[in-house]
Amino acid sequence: MPKMQLFRRFIVLGMVVAGMLAVQLDAQARPFPPNTKRGILKCAAAPQIVINDKLMATTPGTRIYNDANLIVQPAYLGSASKVVNYTLNTVGQVDKIWILTDAEASTPLPKKDDSAPLPRLKVAA
C-alpha cells in the first residue's frame with residue numbers, strides 16, 4: 001500500500017472520529033445553576049431588559065450566552081423575544097442570561113430542594 005493512500009485513510013479516519021466527537025459534545029446539556037429562573041426576554045434601553053414583561057436591571061458584568069453557549073454582546077439580542085434562563089445577584093439584578101435552544105426550552109427547570117438546611121454563621125465572641 002503506497003504511503004499516500006495510507007495517509008489519506010488516516011485523514012479520513014481522523015475526520016470521522018472528530019465528527020463523532022462533535023456530535024457527542026453537542027448533545028451534552030448545559031449545566032445551569034440551581035437558582036436559575038426561566039422567562040421570555042425582550043430588549044429595552046441598556047442597561048435594562050424586560051423578562052416576563054417586568055423591567056429588570058443588569059449588572060455591568062452581565063454575561064449573555066447564546067444557544068451555542070458563546071458569550072455575546074447585548075446587541076446580539078435584537079428585537080425578537082427569546083426564551084431564556086437567567087440568574088439574579090443578591091441585589092436582584094440580572095447577572096447571567098442563557099438563550100435556550102428549542103430542546104432546552106421544552107424541558108422544565110429542575111425543582112429546587114428547599115428542604116436543605118441553611119448554613120449557620122459562627123459569631124466570634
Next on the checklist: Under 4.5 Å between side-chain heavy atoms, counting indirect links through other Ile/Leu/Val/Met/Phe/Trp/Tyr residues: same cluster for F32 and I51 or not?
Outcome noted: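 Result: no, two separate clusters.
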Show the nearest heavy-atom pair for residues [X] and [Y], with the distance to one decimal.
| X | Y | value |
| --- | --- | --- |
| S106 | A103 | OG-O, 2.8 Å |
| G78 | C43 | O-SG, 3.1 Å |
| R38 | T107 | NH1-O, 2.6 Å |

Checklist entry - Just one of V84, L55, L41 clears the side-chain contact (heavy atoms from CB on, under 4.5 Å) bar with I49, so which one? => result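 Of V84, L55, L41, side-chain contact (heavy atoms from CB on, under 4.5 Å) with I49 is met by L41 alone.
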Checklist entry - So which of N69, N85, L77, V83 actually passes side-chain contact (heavy atoms from CB on, under 4.5 Å) with I99? => result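 Running side-chain contact (heavy atoms from CB on, under 4.5 Å) over N69, N85, L77, V83 with I99 returns exactly one hit, L77.
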Checklist entry - Hey, what's the ring geometry for Y65 with W98, parallel, tilted or perpendicular (30° and 60° as the breaks)? => result parallel
Next on the checklist: What I'd like to find out is whether the side chain of Y76 reaches to under 4.5 Å of the side chain of I64, using heavy atoms alone.
Outcome noted: no
Using a 3.5 Å distance criterion without hydrogens, assess whether the side chain of [X] forms a donor-acceptor pair with backbone atoms of [Y].
| X | Y | value |
| --- | --- | --- |
| D67 | L100 | no |
| T62 | V94 | yes |
| N52 | K54 | no |

Starting at [atom1] of [X], measure out to [atom2] of [Y] and round the result to the nearest 0.5 Å.
| X | Y | atom1 | atom2 | value |
| --- | --- | --- | --- | --- |
| N35 | L88 | CG | CG | 8.0 Å |
| R63 | I97 | CZ | CD1 | 13.0 Å |
| E104 | L109 | CD | CG | 10.5 Å |

Checklist entry - Under the side-chain contact (heavy atoms from CB on, under 4.5 Å) criterion, do T36 and K96 qualify, and how do the steps go? => result CA-CA 9 Å; T36 301; K96 290 183 183 169; over 6 Å; no
